Every structure is written in C-alpha cells, then in structure tokens.
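Since this is a predicted model, take the numbers as computed values, not measurements. To find a chain, count down the sequence lines: A is the first, B the second, and so on, and within it residues start at 1.
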There are 2 protein chains.
Amino acid sequence: MPLTAKQGQLLKELKRCKGELSGQDLHARLRKGSRPMGLATVYRHLRQLQQLGEVRCRHLPSGEALYAPAERDEHHLTCVDCGSTTTLESCPVHSVHLDAGQLGGFRPLFHTLEFFGLCGECQQRHQGAAG
Amino acid sequence: MPLTAKQGQLLKELKRCKGELSGQDLHARLRKGSRPMGLATVYRHLRQLQQLGEVRCRHLPSGEALYAPAERDEHHLTCVDCGSTTTLESCPVHSVHLDAGQLGGFRPLFHTLEFFGLCGECQQRHQGAAG
DNA sequence: TTGAGAATGATAATGGTTATCACAAGTTGT
DNA sequence: ACAACTTGTGATAACCATTATCATTCTCAA
C-alpha cells in the first residue's frame, strides 16, 4: 500500500529535520509552508505511519511524544530531573533479536532503547542538598 | 539518604504488585488501605524515587506512565494499534553497556527497551482492508 | 511553647492528544 | 452530467493524566 499524498508530505517533512519532532512541532512547520495540514490530520497520519512501520516514536518524561523516521536507529540518554535528552552516537547493543517464541504472533516494527538518569548539570545542582 | 516513611510506603506498594502501575492506579490502591495518600504526593514521590534510582517508568502509546521497581529488568512488546503490552520472559540483549565517552557525565539509573509493532489480533483485523 | 521550614493534599490549571461532526473531495453506477 | 455513497479533512470541543498552587499540618530544635 503506497502512501497517500498527505502521508508522504508528512513523512518528507519529518525526514527533512535532523532531530525528532513532536506532533505540535510538525503541525507548526507544515502550517508555515504551502499546503498546510490540520492538527487532527497530523496526528492521524502519524499514527498510521507508525502502524506502517515508517515512523517511530518515544515519549519524554513530560509525556510529549517525539516522532522520527523509523529508519533512524538512534538511542537516547534522558535526564529524569530536567528532562533534557541527548542522542547516543553509537548503538550500545549490537544485535537486538527476538525469536518467534518470544514474539508469539507479534510483528515488530521498531524498537526504542533509552537510558534514564541524571545529567551532569542536575547532579551538581543536587550535590549541595544531599550527596 | 534513606527513604522517608511515605516514600517507603509507596515503594512497598509498588513492589507488592506484580505488574506495573500508573500514578492513578497507585493512588487508588493507597486510598483504599489505611494511611491514604494524596494524588499530588503520589506523583511527587514517584518522581523522587525515580531520581533515586528506586523506580523506573515507561510510557504507553496513550501517554500514560507506568511505574515499577527499578530492580525489575523487564522489557515489553507494545502494539501501536490497540496499545496492549506484553512482558518478555527473557531479555533479548545480554549486555547493555555504555562507556564513559558515550555518557559524558550522565549518570544512568535505569533503562527501557521496548518493541513496538502489531499484535496478532490487530494484524488479523487489518487483513481484510489491505494486505 | 514557639517559630522556621518542610511535607501534605484538595483543588485548579495545564497542555498534548483524541473525539466529534459537518463539510469537501473523490468514486462508482447509470 | 447527476445522484448516491465512501473517504479524507480540519476547526473545535472534550478528555484526562499530570503539575502547580497554596493554605494547612507536621517536625523539630531551642
């Protein structure tokens, strides 16, 4: 099933950006260009593209969802205090494989590996109060 | 820094449950028992326990956050359509290690590895519409 | 007892996401 | 071309988990 025009437009915009975008971000960007798209449509297609395996998403501690093309196999460090995230340059796991027994009919589309902890800045801030 | 009484109470309740609990779930459970706890306090302590490395959390596609003791090193399959999640029996990665260069001052507390895709049920439901 | 500071919790506010629903666009059959 | 029907769209309202507010309660030392 090829993508529809709007789906393609959305995916193209997502690929154009180096970083991850939230639904709101994406809507704002598309709104500026020619061919704007309503917010509801953005979220609709993000979900559809996700189910097609074209887009992956992860959630920040704030609850906000960030989307990126599924082909980007990036992993992240996220601070549980300030919420800042950084992208790992190299993947720490060399093979992530699930055998059929583990899957039990489930068809994997993408995966996320995230490390949560405290960034240097927040560690320092807390040091005064309690080691 | 030892846990406060309320923090300990909350962590104990979390450990008592086999599955993961949302903030709302946890609040409801504590409300029933003796020694109830306000919703704000539940969320406050969940965040603190997370920063202490005692509790980990992950987000469902719905945006809801699920909490569990950090000591549980479980991974999950999550359906991007219906949102159902299942727990993997065994860990698919044998060593998840980050070297200092990758960390850059970040102090990891816990990590999450999640697989997103379509569960068997949702695959069947979509089969009629489009292969 | 008294006062300063921390903890608590009922409630209001926040804000990303989803549901609603009327309308536009496309499709088919005649 | 026209009608009947399906699908896609988007402004807006509704949803709901989470967070902020703030008055009250608790803690504890002097």
> Is any side-chain nitrogen or oxygen of A:T41 closer than 4.0 Å to OP1 or OP2 of D:dG10?
Replying inline: yes
>> Nearest whole Å is fine: how far is C:dT17 P from A:Q24 CD?
In response: 6 Å
> If you round to the nearest 0.5 Å, how far is CG of A:L10 from CG of A:L46?
Replying inline: 5.0 Å
> Side-chain donor-acceptor pair under 3.5 Å between A:R58 and A:T85, yes or no?
Replying inline: yes
> Which heavy atom of B:L109 sits nearest a heavy atom of B:Q51, and at what distance?
Replying inline: CD1-O, 3.5 Å
> Is A:V55 reachable from B:V80 through a run of I, L, V, M, F, W or Y residues, each pair having side-chain heavy atoms under 4.5 Å apart?
Replying inline: no
> How long is the line joining CD of B:E64 and C1' of D:dT18, in whole Å?
Replying inline: 11 Å
> Rounded to the Å, how far apart are A:Q48 CD and C:dT18 P?
Replying inline: 12 Å
> Honestly curious: do B:F106 and B:F110 fall in one hydrophobic cluster under the side-chain, below-4.5 Å linking rule?
Replying inline: no
> In whole angstroms, how far is the C1' atom of D:dT9 from the CZ atom of A:R31?
Replying inline: 14 Å
> To the nearest angstrom, how far is A:L26 atom CG from C:dG16 atom C1'?
Replying inline: 14 Å
Close N/O contacts between protein and nucleotides 21-26 of chain D (under 3.5 Å):
none

>> Assess the residue pair A:R72 and A:R56 against the criterion (side-chain contact (heavy atoms from CB on, under 4.5 Å)); give the C-alpha distance rounded to whole Å, side-chain angles, the decisive distance to 0.1 Å, and a yes or no.
In response: CA-CA 9 Å; A:R72 287 191 205 151; A:R56 67 166 173 74; 4.3 Å; yes
> Between C:dG16 atom P and A:L60 atom CG, what is the distance in whole Å?
Replying inline: 11 Å
>> Can you tell me if B:R47 touches the phosphate of D:dT19, counting only side-chain N or O atoms and a distance under 4.0 Å to OP1 or OP2?
In response: yes
> In whole Å, what is the span from the NZ atom of B:K6 to the C1' atom of C:dG9?
Replying inline: 9 Å
> So does B:E71 pair up with B:K15, basic N to acidic O under 4.0 Å?
Replying inline: yes
> Do any side-chain nitrogens or oxygens of A:Y43 fall under 4.0 Å of OP1 or OP2 in C:dT18?
Replying inline: no
>> What is the distance, to the nearest angstrom, from the CG atom on A:L39 to the C1' atom on D:dG8?
In response: 16 Å
> A:L66 or B:G38: which one's nearest nucleotide on DNA chain C is closer to the 5' end?
Replying inline: B:G38
>> By the 4.0 Å heavy-atom rule, please label A:P61 as base, sugar-phosphate, or nothing.
In response: nothing
> With a non-hydrogen cut-off below 4.0 angstrom, is A:H27 in contact with a base, only sugar-phosphate, or nothing?
Replying inline: nothing
>> Does C:dT8 have OP1 or OP2 under 4.0 Å away from a side-chain N or O of B:H45?
In response: yes
